[in-house]
Amino acid sequence: MFRVTRDKISPADVEAWVKEPGAGAVVYFDGIVRDHSEGKKVKFLEYEAYEAMAEEKLRDIGEEIHRRWPVSKVAILHRVGHLEVGESSVIIAVSSPHRDHAFAACRFAIEQIKILVPIWKREHWEEGGRHWVNIEKTTPSASSPTAEGGNQIY
Amino acid sequence: MQVRLKLFAILREKLGEGEISMEMQPGSKVEDLLATLASRQPEIAPLLPNCLIAVNRQYVPRSQVLTAGDEIAVIPPVSGGK
């Protein structure tokens, strides 16, 4: 189950779907809007996506997980739009017969999302002002993004 | 030939629109498109070197040759976080 949505998301949305009789473990990751960022108080976040590609990339990450580990099911939900502090922005759930693979796959999923999935985040601060995270920086990054294992994406 | 260009986040805001069409010579590459875009829209030119490019929703290198009707997305660094 791979979805980019404007609706609120929670682990409960995927729990029944990932559970199955052969899976002895389910590992969840719940990414939550934090109230601070680099010394500033965050008022709310705004996420923008290239939605068609983002869903395809979430599916690609799921397929890669199935190639790497003998997991049962993978679900990834990513929310876009206006998110308040404390709300979930991303939910990942991986079920597998044994827990080691579910932990590894869940960790892999979130790290890959942060590299490959075209979704952008803008922080709005309590003090006023806003910025696109990772794009508007005081010191521009000289390095281009890299995929798992340090390979250049392009 | 005509190609469609999608721009997101800060690029969309600076341009005031998220989708534009551009006329390119047949055989043009992604790098040619970016050079044309940079000269036509200097306000976003400094951001382009850090962007990834997707053609028809797949990441491609800047040497990729474009085809008429391609949907090209200019993808600024994604949201990151630790």
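Both backbone and side-chain heavy atoms feed into the values below; hydrogens, waters and symmetry mates do not. Naming convention: chains lettered A, B, ... in sequence-line order (proteins, then strands); numbering from 1 in each chain. Treat the numbers as computed from the prediction; the structure is a model and nothing was measured.
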Colleague: So which part of Ile53(B) gets closer than 4.5 Å to some heavy atom of chain A, the side chain, the backbone, both or neither?
Modeller: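 Neither part, no heavy atoms under 4.5 Å.
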Colleague: If you look at every heavy atom in Arg12(B) and Trp132(A), which pair is closest and at what distance?
Modeller: NH2-CZ2, 4.2 Å
Colleague: Does atom CD (Gln25(B)) have a neighbourhood of more than 12 heavy atoms from anything else shown, all under 6.0 Å?
Modeller: no
Colleague: Are Met1(B) and Leu34(B) co-members of a hydrophobic cluster defined by side-chain heavy atoms under 4.5 Å apart?
Modeller: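 Result: yes, single cluster for both.
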Colleague: Decide yes or no for Trp120(A) and Ile10(B): does some side-chain heavy atom of the first lie under 4.5 Å from some side-chain heavy atom of the second?
Modeller: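 Sidechains of Ile10(B) and Trp120(A): no contact.
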Colleague: Mind checking whether Tyr28(A) and Val71(A) sit in one hydrophobic cluster, side chains of I, L, V, M, F, W, Y counted as touching below 4.5 Å?
Modeller: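 No: no chain of side-chain contacts under 4.5 Å links Tyr28(A) to Val71(A).
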Colleague: Might you point out which heavy atoms bring Val78(B) and Val117(A) nearest each other, and give the distance in Å?
Modeller: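 Closest pair (atom of Val78(B), atom of Val117(A), distance): CG1-O, 3.2 Å.
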Colleague: Indicate, with yes or no, if Leu5(B) and Tyr50(A) share a hydrophobic cluster defined by side-chain heavy-atom contacts under 4.5 Å among Ile, Leu, Val, Met, Phe, Trp and Tyr.
Modeller: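 Linked, Tyr50(A) and Leu5(B) end up in one cluster.
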Colleague: Quick one: do Trp69(A) and Val94(A) end up in the same hydrophobic cluster if we chain Ile, Leu, Val, Met, Phe, Trp and Tyr together by side-chain heavy atoms under 4.5 Å apart?
Modeller: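 Per the 4.5 Å side-chain linkage, Trp69(A) and Val94(A) are co-clustered.
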Colleague: How about Phe2(A): does its CZ atom have over 12 heavy atoms from other parts shown lying under 6.0 Å from it?
Modeller: yes
Colleague: Would you give the length of the straight line joining atom OH of Tyr59(B) to atom CE of Met53(A), rounded to the nearest 0.5 angstrom?
Modeller: 4.0 Å
Colleague: On a heavy-atom basis, which atom in Ile135(A) and which in Pro77(B) lie closest, and how many Å separate them?
Modeller: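 Here Ile135(A) and Pro77(B) meet closest at CG1-O, 3.6 Å.
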Colleague: Of the backbone (N, CA, C, O) and the side chain (C-beta and beyond), which part of Arg62(B) lies under 4.5 Å from a heavy atom of chain A, both, or neither?
Modeller: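 Arg62(B) has no heavy atom closer than 4.5 Å to chain A.
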Colleague: With a sphere of 6.0 Å drawn around CD of Glu43(B), does it hold more than 12 non-hydrogen atoms of other residues, nucleotides or ligands?
Modeller: yes
Colleague: To the closest 0.5 Å, what do you measure between CG (Asp60(A)) and CD (Gln58(B))?
Modeller: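 Answer rounded to 0.5 Å: 6.0 Å.
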Colleague: Testing the basics here: between Ala52(A) and Arg57(B), what is the closest heavy-atom pair and its distance to 0.1 Å?
Modeller: CB-CD, 3.7 Å
Colleague: Can you find a pair of side-chain heavy atoms, one from Arg122(A) and one from Glu13(B), that are under 4.5 Å apart?
Modeller: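 Yes; the side chains approach each other to less than 4.5 Å.
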Colleague: For His98(A), does the NE2 atom sit with more than 12 other heavy atoms under 6.0 Å from it, leaving out its own atoms?
Modeller: no
Colleague: Which atoms of Ala49(A) are under 4.5 Å from chain B, going by heavy atoms: the side chain, the backbone, both sets, or neither?
Modeller: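 Interface part for Ala49(A): backbone (N, CA, C, O).
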